[in-house]
Amino acid sequence: MRWLLCLPLYLLLTACDGGLWNNPYPAADAGKSVFYTAFTARPKHFDPAQAYSEDEYAFLAQIYQPPLQYHYLKRPYTLVPQAASAMPQVRYFDKNNKPLPQHAPAAQIAFSEYEIHLRPDLRYQPHPALARDAAGKPLYMALTEKDWQGIHTLTDFRETGTRAVTAADYVYQIKRLAHPDLYSPIYGVMADYIVGFKEYAKTLREARKKQPEGWLNLNDYPLPGVQVVDAHTYRIRIHGKYPQFAYWLAMPFFAPMPWEAERFYAQPGMRERNLTLDWWPLGSGPYYLSENNPNQRMVLSRNPNFSGEFYPSEGEPGDRKAGLLQDAGKPLPLIDKVVFSREKETIPYWNKFLQGYYDASGISSDSFDQAVQVNVGGEANVTDAMKAQGISLSTSVATSTMFMGFNWLDATVGGPSERARKLRQAISIAVDWEEFISIFANGRGIAAQSPIPPGIFGYRKGEAGINHYVYDWVNGAPQRKSIEVAKQLLAEAGYPGGLDEKTRQPLVIYLDTTATGVGDKSRLDWLRKQFAKINLQLVARSTDWNRFQDKLSKGDTQLFFYGWNADYPDPENFLFLLSGAQAKVKYGGANSANYSNPEYDRLFEQMKNMDNGPARQAIIDQMLEILRRDSPWLWGYHPKDYVLHHSWVHNSKPNKMANNSLKYLRIDAAQRDAMRKQWNQPELWPLALLGAMLAALGGWLWWALRQREQAR
Amino acid sequence: MIAYLIRRMLYAIPVLIGVNLLTFALFFVVNTPDDMARVQLGIKRVTPEAIEQWKQRHGYDKPLLYNARAAGMDRFTDTIFFDKSASMFVFDFGYSDDGRSISREIVTRMGPSLSIALPTFLIGLVSYVTFALLMTLFRATALDIVGVTLCVVLMSISGLFYIIGGQFLVSKLWHWVPISGYGGGFDNFRFVLLPIVIGVASGIGASSRWYRTIFLEEIGKDYVRTARAKGVSELGVLFRHVLKNAMIPILTGVVVVIPLLFMGSLLTESFFGIPGLGSYTIDAINAQDFSVVRAMVFLGSVLYIAGLILTDISYTLVDPRVRLS
């Protein structure tokens with residue numbers, strides 16, 4: 001009862017101090033420059049050598065500082081220096097190590113050397129690993145049992161320190177990509193390029209065998225392909241010409257790592273307390289992780305040692321009008337703190353956004369109609385209710401593609417035969433992706449004409465960019481060919497009316513999918529109907545993700561759902577998904593369809609190392625023509641991302657490649673506080689009604705009891 | 001009694017081995033060590049070598065239950081099952097597959113789970129028993145009929161409906177408490193209030209009906225008639241005599257769940273963003289983290305066995321005729 005009495009008292013106290021009852025944040029945070037957002041999946045890794053998912057990059061990209069980054073406003077996506085003082089100088093060498101001119105043919109280039117000059121003002125965040133005493137001796141590098149008393153988390157260390165970032169730290173991190181304990185996902189790619197990387201990994205494995213536990217000091221093991229030139233310059237030497245390497249330099253894999261961090265976390269007692277480099281990053285970026293509770297909330301605070309970066313002063317046409325250049329030239333970051341709260345479910349997430357407790361939100365299918373209306377011209381905008389709250393919508397086509405792949409090794413749908421090709425083309429016409437996007441993605445996507453999404457070099461707009469095997473160009477827009485054309489192709493493929501002309505049995509296509517939920521049934525039913533348009537039978541074989549991967553690895557599929565999210569904005573990163581050298585079954589690569597076409601492979605090898613320009617575009621056009629004709633995929637669609645922002649969020653512009661965009665955002669905290677107050681005043685009448693009802697019930701019970709006692 | 005307790009604890013050992021074996025078998029029927037490595041390493045650019053290295057590093061490169069290549073006892077001990085199970089019997093849960101100390105996670109997450117589960121349990125128990133006693137008191141009257149009907153209605157509604165409905169009404173429409181989240185110190189009160197109320201409300205139907213049945217069975221017994229004949233008030237009869245004598249069936253259902261309160265609630269924690277052990281278990285199942293799953297199943301089994309032993313002990317406290325031997 002005492003607990004129940006405390007409730008109104010507590011609520012009254014909260015009301016008296018001006019706080020809102022449903023405010024999930026401390027009242028003291030009002031008016032501060034804090035950005036509130038949420039995360040749904042718990043990040044697995046914070047080690048920049050291991051992290052590779054969007055969930056992880058949402059944090060890591062704000063903490064670590066690779067040499068390059070994507071320009072926040074310019075499109076197409078452009079690399080600009082971040083930690084580097086200028087874009088890297090690339091020099092080419094032949095097999096005898098003789099320098100070659102900049103425009104030397106790719107075939108002549110045996111080595112490319114990237115020389116990176118760093119800004120001299122880079123400094124790490126405050127961290128106990130860098131703490132030193134007055135004599136310059138590290139404070140926490142030889143912790144004893146006694147030192148551990150009272151230390152449970154990183155913030156329990158009393159002293160922190162910092163130091164300048166050096167070229168040696170960047171080199172150290174590159175070496176870590178070959179560390180046998182870290183299983184860096186890009187080790188395989190880098191081993192093909194960085195000179196001596198494979199041998200280096202072998203050396204480290206041997207060293208690990210000799211020293212199974214503790215800190216493996218990578219400074220003792222030189223890597224020939226990566227060298228420190230001076231305190232602020234280093235060189236990376238790679239095999240051949242690989243212009244896409246610059247994109248890798250914009251990812252946290254290539255951020256600096258001080259050796260002190262590894263040594264600090266390798267001490268006994270650290271792991272038992274969940275103090276690892278994989279969990280407590282040490283970076284030099286605009287923010288550092290000041291609170292790390294992945295079950296509840298993560299907080300990024302402004303790195304007091306960060307300086308030297310400014311808001312861009314140029315962008316796309318229209319950016320100035322949109323107010324995106326108002327902060328041009330101001331030092332970054334513009335927000336002091338970013339609070340990420342864990343929201344596993346979409347309903348609380350969405351409602352907190354509407355209450356003003358999250359500054360931005362995506363839109364789940366459940367909330368789509370409440371948030372967005374699409375006009376007759378197909379243009380999406382926020383609903384009147386959202387407009388009234390000052391919420392705005394920004395949309396962008398993701399640099400990703402969702403597709404259905406035919407297994408090239410399958411006897412029926414795979415292979416280069418004319419019969420199989422016509423069958424694939426017929427199915428490509430029958431499956432109406434425009435309808436799929438409209439029904440299942442709330443219109444958030446565009447039907448794909450090839451693997452390359454808009455915004456990536458090689459993508460062509462208009463008639464030149466359509467898949468002529470599936471679409472006709474009618475009245476200035478692509479129109480899917482009629483189902484009669486598909487039926488004709490099917491008949492030419494040897495399946496007139498959907499029956500095998502030899503066996504007279506209906507043709508059955510098997511789809512392998514991880515769609516096992518109740519909500520997936522409607523999608524599968526829709527797909528069956530698409531196949532039924534040309535009298536084909538589709539049988540869905542639902543399976544879990546691991547079995548699905550296993551089937552792909554063994555080639556035990558016929559048709560499957562898949563997707564790809566770009567690592568970097570280059571056509572090579574999409575077209576390699578169909579390269580024969582990447583075949584899943586043969587080489588364990590990324591070509592899940594096991595597509596193989598020697599001409600395509602030849603053109604791919606030619607295209608992949610070229611600089612963007614008309615010559616490269618011409619080759620890509622040829623490659624896309626081959627792909628469209630062979631139809632190894634149902635090209636599917638490129639999803640569109642919809643993000644909602646409150647009116648107090650400024651400088652928000654979707655950038656699908658840059659993950660470090662939080663530093664550019666600005667918040668009008670006073671406006672946010674005012675709106676929250678307006679939207680979240682507690683309703684008191686239900687409380688009064690509840691109290692009255694309880695009192696009436698209590699009174700009635702008392703009366704009834706008395707009546708019973710008197711009756712006895 | 002001590003001999004009895006020691007015997008019960010010894011019985012627990014084969015039970016725990018059995019539970020462990022069953023968990024192991026069920027987990028590895030649907031997951032292979034390769035699958036686990038893939039989940040941990042991600043799906044992009046993962047090489048077969050990386051998978052092999054991960055398995056080796058985490059001890060999943062050994063045979064599951066029987067090592068035919070080893071000699072002697074090593075055939076059984078040099079296996080994944082032995083490696084992952086033996087240490088748990090001394091409550092050394094080791095590290096999760098993503099490298100975090102499981103014991104530390106359990107200790108950290110126990111508090112949030114208890115902050116919801118314990119008040120829900122205590123307030124719920126008092127509320128359900130009181131409501132059931134009132135229905136018993138007014139048995140065969142309009143109040144009883146309304147009460148029972150209400151119970152049937154309440155127990156027919158899905159727990160998820162209570163959560164979503166509660167969040168909609170209390171947090172979204174009336175703005176009384178935050179929709180989800182978890183705070184620190186006294187401020188935490190605002191976050192746990194709604195889950196507790198919902199937890200209590202969602203259990204009221206089934207529990208009150210169950211307790212009403214127990215009390216109705218007791219109310220017709222001779223000692224009740226005697227008490228009434230001696231002039232004891234109706235409330236006195238119910239609270240001092242009926243409740244006391246109905247304790248054995250109540251304790252059977254209640255005491256056994258007390259230790260399990262530590263394990264938290266899967267649904268409530270997920271919807272309210274409570275960082276407790278319930279959400280830890282769900283996350284581990286989704287991430288195919290065998291180390292966490294087996295630790296949580298083991299802990300759950302230990303707590304359940306502890307609950308059963310406590311139930312037996314509680315019998316002796318409420319009924320002097322019961323002797324443990």
Side-chain angles (χ1 to χ4, degrees), chain A residues 3 6-7 10-11 14 20-24 26 42 44-45 52-53 180-181 183 185-189 271-274 276 278-279 293 295-297 341-345 347-349 351-352 354-355 357 544-546 549-550 565 567 588 590 680-683 686-687 701 704-705 708-709 712, chain B residues 30-32 34-35 38-50 53-54 57 95 98-101 104-105 109 119 123 134 137-138 143 164 167-168 171-183 187 189-191 193 228 233-235 270-273 275 279-280 283 287-288:
Chain A
W3 176 82
C6 283
L7 168 64
Y10 172 76
L11 294 177
T14 316
L20 294 161
W21 294 2
N22 67 348
N23 185 355
R42 181 187 152 119
K44 280 190 195 135
H45 299 290
Y52 199 17
S53 76
D181 296 352
Y183 333 102
I186 65 159
Y187 164 73
V189 186
R271 198 177 170 214
E272 291 81 349
R273 288 167 177 81
N274 285 337
T276 62
D278 200 22
W279 210 237
N293 183 352
N295 314 315
Q296 187 184 342
R297 74 178 211 157
S341 303
R342 178 112 193 245
E343 292 289 358
K344 283 185 177 178
E345 304 295 335
I347 296 173
Y349 189 170
N351 286 322
K352 276 163 123 174
L354 293 182
Q355 290 176 333
Y357 294 125
D544 65 65
W545 176 252
N546 285 320
Q549 287 293 321
D550 206 39
N565 202 9
D567 294 308
N680 294 291
Q681 286 305 316
E683 296 283 350
L687 211 56
L701 278 175
L705 265 176
R708 279 183 82 95
E709 289 296 331
R712 282 177 69 196
Chain B
V30 290
N31 297 291
T32 64
D34 282 40
D35 298 339
R38 266 193 219 115
V39 169
Q40 290 303 321
L41 297 173
I43 53 168
K44 268 178 132 179
R45 302 182 188 275
V46 177
T47 59
E49 295 78 42
Q53 274 184 45
W54 185 92
R57 190 76 186 163
Y95 295 91
D98 62 2
R100 290 171 65 84
S101 164
R104 186 159 283 270
E105 285 277 341
R109 287 167 172 264
I123 297 167
L134 281 173
L137 179 65
F138 292 101
L143 183 77
I164 295 173
Q167 286 183 327
F168 178 78
S171 301
K172 196 188 172 193
L173 282 189
W174 298 340
H175 308 137
W176 287 359
V177 290
I179 289 180
S180 65
Y182 192 77
D187 195 44
F189 184 73
R190 294 188 302 134
F191 294 97
L193 187 64
R228 281 195 189 121
S233 69
E234 270 305 289
L235 279 181
S270 188
F271 265 82
F272 286 100
S279 56
Y280 187 45
D283 285 352
Q288 293 171 20

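So that the names make sense, note that chain A is the first sequence line, chain B the second, and so on, each numbered from 1. Since this is a predicted model, take the numbers as computed values, not measurements.
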Between [options], the one whose heavy-atom pairs under 4.5 Å with chain A are most numerous:
| options | result |
| --- | --- |
| B:Tyr95, B:Phe271, B:Trp54 | B:Tyr95 |
| B:Gly99, B:Ser270, B:Ala287, B:Ser279 | B:Ser270 |
| B:Leu134, B:Thr32, B:Asp34, B:Val39 | B:Val39 |

Measure [X] against the heavy atoms of chain A and call it side chain, backbone, both or neither at under 4.5 Å.
| X | result |
| --- | --- |
| B:Arg100 | both |
| B:Ile164 | side chain |
| B:Leu173 | backbone |
| B:Gln53 | both |
| B:Phe138 | both |
| B:Val30 | backbone |

Any idea which of [options] has the most non-hydrogen atom pairs under 4.5 angstrom with chain B?
| options | value |
| --- | --- |
| A:His45, A:Glu272, A:Arg342, A:Gln681 | A:Glu272 |
| A:Asn23, A:Asn293, A:Asn295, A:Leu701 | A:Asn295 |
| A:Asn351, A:Leu354, A:Ile186 | A:Asn351 |

Is [X] close to chain B through its backbone or its side chain, or both, or neither, when contacts mean heavy atoms under 4.5 Å?
| X | answer |
| --- | --- |
| A:Glu343 | side chain |
| A:Arg297 | neither |
| A:Arg271 | both |

Roughly how far apart are A:Lys344 NZ and B:Asp283 CG, rounded to 0.5 Å?
-> 3.5 Å
How about [X] and [Y]: do any of their side-chain heavy atoms sit closer than 4.5 Å?
| X | Y | result |
| --- | --- | --- |
| B:Pro178 | A:Tyr357 | no |
| A:Asp544 | B:Gln288 | no |
| A:Tyr183 | B:Arg57 | yes |

Check the pair A:Ile347 / B:Ile179 against side-chain contact (heavy atoms from CB on, under 4.5 Å), numbers first and verdict last.
-> CA-CA 9 Å; A:Ile347 296 173; B:Ile179 289 180; over 6 Å; no
Please confirm whether the backbone N or O of [Y] pairs with a side-chain atom of [X], one donor and one acceptor, at under 3.5 Å?
| X | Y | result |
| --- | --- | --- |
| A:Asn680 | B:His175 | no |
| A:Lys44 | B:Asp98 | no |
| A:Trp21 | B:Ser171 | no |
| A:Gln296 | B:Tyr182 | yes |

Atom of [X], atom of [Y] and distance for their closest heavy-atom approach:
| X | Y | answer |
| --- | --- | --- |
| A:Asn22 | B:Arg190 | C-NH1, 4.2 Å |
| A:Pro24 | B:Phe191 | O-CZ, 3.2 Å |
| A:Arg273 | B:Arg104 | CA-NE, 3.3 Å |

